[in-house]
There are 2 protein chains.
Amino acid sequence: MKKARDGKPTINDVARIAGVSKKTVSRVINRSPLLNEATREKVEAVIAELGYVPNPQARALALRRNFLIGLIHDNPNAQMVLGVQEGILSAIRDTEFALVVRPVNRRSLDMLDDVRAFLEQQRLFGVMLLPPISENDALAELCEDLGVTYVRMGSVRLDEDEHMVASNDREAVANAVGYLVERGHRRIGFVAGPEGFRSAAERALGYRDALEQAGLALDPAIMAEGSYTFETGIAAGEKLLSASTPPSAIFASNDEMAAGVLHAARTQGLSVPEDLSIVGFDDTAIAAHIWPPLTTVRWPIQAMAKAAAIKLIDPAQARKQPSHFLSDLIERASVRPA
Amino acid sequence: MKKARDGKPTINDVARIAGVSKKTVSRVINRSPLLNEATREKVEAVIAELGYVPNPQARALALRRNFLIGLIHDNPNAQMVLGVQEGILSAIRDTEFALVVRPVNRRSLDMLDDVRAFLEQQRLFGVMLLPPISENDALAELCEDLGVTYVRMGSVRLDEDEHMVASNDREAVANAVGYLVERGHRRIGFVAGPEGFRSAAERALGYRDALEQAGLALDPAIMAEGSYTFETGIAAGEKLLSASTPPSAIFASNDEMAAGVLHAARTQGLSVPEDLSIVGFDDTAIAAHIWPPLTTVRWPIQAMAKAAAIKLIDPAQARKQPSHFLSDLIERASVRPA
DNA sequence: TTGTACGCGTTATCAT
DNA sequence: ATGATAACGCGTACAA
């Protein structure tokens, strides 16, 4: 019999000192109902006294599953990734789960192999997939094959409810453009996101919906595509503003591009919102810090991430978690009536 | 004897099929030098064939240490946290280490208890501490007590080299202000960061150094303090610009406040950089996206984080890693000669 | 209600 | 150079 030598106290130390068996201590830890109240209290006292904390590695080995949940992402934007991390943390706070992050490179050819190696090596409890890589069905399939439960975050329903948490970008954009229509804008330009991004496609659909709803026709002359960057936003803005009949308002599919449009407008001597109204998407930090502050659409990122994490770790609660979230329009100062 | 039943193959499966003992397989995995080449190849063939990957939980248990490194931070800004995560990942790529993140609340009274619980529960290999909480000595002491190795990132040398990776904010700010002096500015305002932040104090010292070096006197009328936010930047800007002799240039201790100063200038009808030059600090996303793009100072965050991670996981390399890093001045368009 | 004996997958000790 | 056997800390049958 060894004493509590150097390291942390173990379940054996607790059992020995409390004068019970390991199993009893184990029952106390796992809140087994069939336990004598007196025994429980005695054991709990010893646990407190020793400052005993169960070793998660040993638990993981015995239970044949660990308590790590992974976040796999391709850095869509820093604000979003951090928001997700906060959301997950709020779900696992006061549990034994921890969050391990794994940035990957979407453009890399061996991205899938990279993820596979990661999952096989770490044997995570489950993973969360962030857009845009969450849109990759092969990735979800890989998780399935490897027996790693997963939840995908996305701009639209990509999977079954238990594997999915979605914002409804199409509807959110339709609302935002509708907001412009309500304010009298009839010539509304659109800056699309890059092809291949599901979010970009959804947002484009939302734009069409709103125009159709308002009885307005699509006009390619005031539509452009960017790649979600500031620079491509400038280029898109220049194109739309040089149309023979330029728009009185522009919806850009993300804030970076909206900032680019703003820049292009300013370069052409236009005032925002006096001469041009602009609406963005994402509500990243830029939105509030450019001038004028940008009216934009915000995902409830933390709430979505929290719901997703709960789906992952708590099957009992999973069904009760919403799978669909509505985005809010954040009204700031970049829009005025036509 | 069990077959490779349902789950992943184990070391036993490999040993049985290769016709050797567990220990031999273990030796192969751990690259023990005293091994017959033929045996090694035979075992490696079986490993490849089975797709065997060692179980990290079992290893952790046997070795009595795991391979998780923690990142504890209080979200100074999203860009920085993500940069650090990337840096750490580049250091642990192709190793068995994984990164677990733990955001904490600096203002919470039980922040220390929170971290203690986290460390006791997860038993991490080591942790990285980000500013501003890395400046908290009690936190470092806690890690020490719990036997968790740590490395702190900060704006100045806070600890011994093996526990520290520092940018030299004082020198960086002195350089930035000197850059203004070189361009003929003699009346240079300063927006300090909040009291209690070591970085704020260091940056203020850098400002004083530069003025002294240039033979300029400190003038409280063109100095203000903010709390690293956009709004406090506006307030500070308003104060400085309403001085009886307003500054021709302003150094703000971070980009958010610089953006606020820019906003204040614009509100007062001033053009930047024609009427006022502005320099910020951090090179966050805002810096490049406001108009005019902000000249600012950039930490080599990823390089610092990578060095810090190597110090943590590889004692052999630790000494060779630099502990001090120089920040770069990023010249954009918010400065012009006086 | 509580305890005994064994398994989880790996490494370490000490032979051989 | 290789193997038998005992840890590592915890959970679970199955008994008692």
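We name chains A, B, ... by the order of the sequence lines, and we start the count at 1 in each one. Everything quoted here is computed from the prediction, not taken from an experiment.
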> Only pairs at least two apart or in different chains count here, so list each ring pair (Phe, Tyr, Trp, His ring centres under 6.0 Å) that has a residue in residues 25-71 of chain B.
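Counting only pairs at least two positions apart or across chains, the ring pair (Phe, Tyr, Trp, His ring centres under 6.0 Å) contacts touching residues 25-71 of chain B are B:Phe67-B:Phe97.
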> With no hydrogens and no angle check, is any side-chain donor or acceptor of A:Asn168 less than 3.5 Å from a backbone partner on A:His324?
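Answer holds: no.
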> Compute the angle between the rotation axes at the two ends of the helix from C:dT1-D:dA16 to C:dT16-D:dA1, each taken over five pairs, rounded to 10 degrees.
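The end axes of the helix from C:dT1-D:dA16 to C:dT16-D:dA1 are about 30° apart, to the nearest 10°.
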> A:Phe118: which residues meet the ring-ring contact (aromatic ring centres under 6.0 Å, His included) condition with it, sequence neighbours left out?
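Not a single residue meets the ring-ring contact (aromatic ring centres under 6.0 Å, His included) criterion with A:Phe118.
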> Please list, chain by chain and in numerical order, all residues satisfying salt bridge (Lys or Arg N to Asp or Glu O under 4.0 Å) with A:Glu120, sequence neighbours excluded.
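Result, salt bridge (Lys or Arg N to Asp or Glu O under 4.0 Å) vs A:Glu120: A:Arg116.
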> Do any pairs count as a ring pair (Phe, Tyr, Trp, His ring centres under 6.0 Å) and have a residue in residues 147-167 of chain A, sequence neighbours left out, and if so which ones?
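Those involving residues 147-167 of chain A are A:Tyr150-A:His163.
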> Would you say the side chain of B:Val20 lies within less than 4.5 Å of the side chain of B:Lys42, judging by non-hydrogen atoms?
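SC-SC contact between B:Lys42 and B:Val20 confirmed.
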> Sugar-phosphate atoms are those with a prime plus P, OP1 and OP2; base atoms are the rest. Using that split, label each nucleotide of nucleotides 10-16 of chain C B, S or - for protein heavy atoms under 4.0 Å, 5' to 3'.
BBB----
> Base, sugar-phosphate or nothing for B:Leu35? Non-hydrogen atoms, less than 4.0 Å.
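Touches sugar-phosphate only.
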> Measuring to OP1 and OP2 of C:dG3, would you say a side-chain N or O of A:Thr24 lies under 4.0 angstrom away?
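Checking A:Thr24 against C:dG3: at least one side-chain N or O falls below 4.0 Å of OP1 or OP2.
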> Whole-Å distance between C:dG9 P and A:Asn66 CG?
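Rounded to whole Å, this separation is 14 Å.
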> I'd like to know if the side chain of B:Thr149 pairs up with that of B:Lys311 as donor and acceptor (distance under 3.5 Å, no hydrogens or angles considered).
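No donor-acceptor contact under 3.5 Å links the two side chains.
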> What integer distance in Å separates B:Leu50:CG from C:dG9:P?
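The distance from CG of B:Leu50 to P of C:dG9 comes to 13 Å, rounded to the nearest Å.
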> What integer distance in Å separates A:Glu96:CD from D:dG9:P?
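For the pair A:Glu96 CD and D:dG9 P, the rounded distance is 18 Å.
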> Using the closest heavy atom to pick a nucleotide of DNA chain D for each, name whichever of A:Gln57 or B:Gly19 lands nearer the 5' end.
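Taking each residue's closest nucleotide, the earlier one in sequence belongs to B:Gly19.
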> Please tell me if the side chains of A:Met111 and A:Asn105 come closer than 4.5 Å, counting only heavy atoms from C-beta onward.
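No. Closest side-chain heavy atoms not under 4.5 Å.
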> Does any donor atom in the side chain of B:Ser108 or B:Asp110 lie under 3.5 Å from an acceptor atom in the other side chain?
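Looking only at side-chain atoms, B:Asp110 and B:Ser108 do form a donor-acceptor pair, the distance falling under 3.5 Å.
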> Would you kindly give the CG-to-P distance between B:Asp13 and C:dC8, to the nearest whole Å?
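Result: 10 Å.
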> For the pair made of CG in A:Leu61 and C1' in C:dC6, what is the distance, rounded to whole Å?
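These atoms are roughly 13 Å apart.
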> D:dT2, OP1 or OP2 - any side-chain N/O from B:Thr39 closer than 4.0 Å?
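B:Thr39 to D:dT2 OP1/OP2: side-chain N or O found under 4.0 Å.
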> In whole Å, I'd like the distance from the CD atom of B:Glu37 to the C1' atom of D:dT2.
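From B:Glu37 CD to D:dT2 C1': 15 Å.
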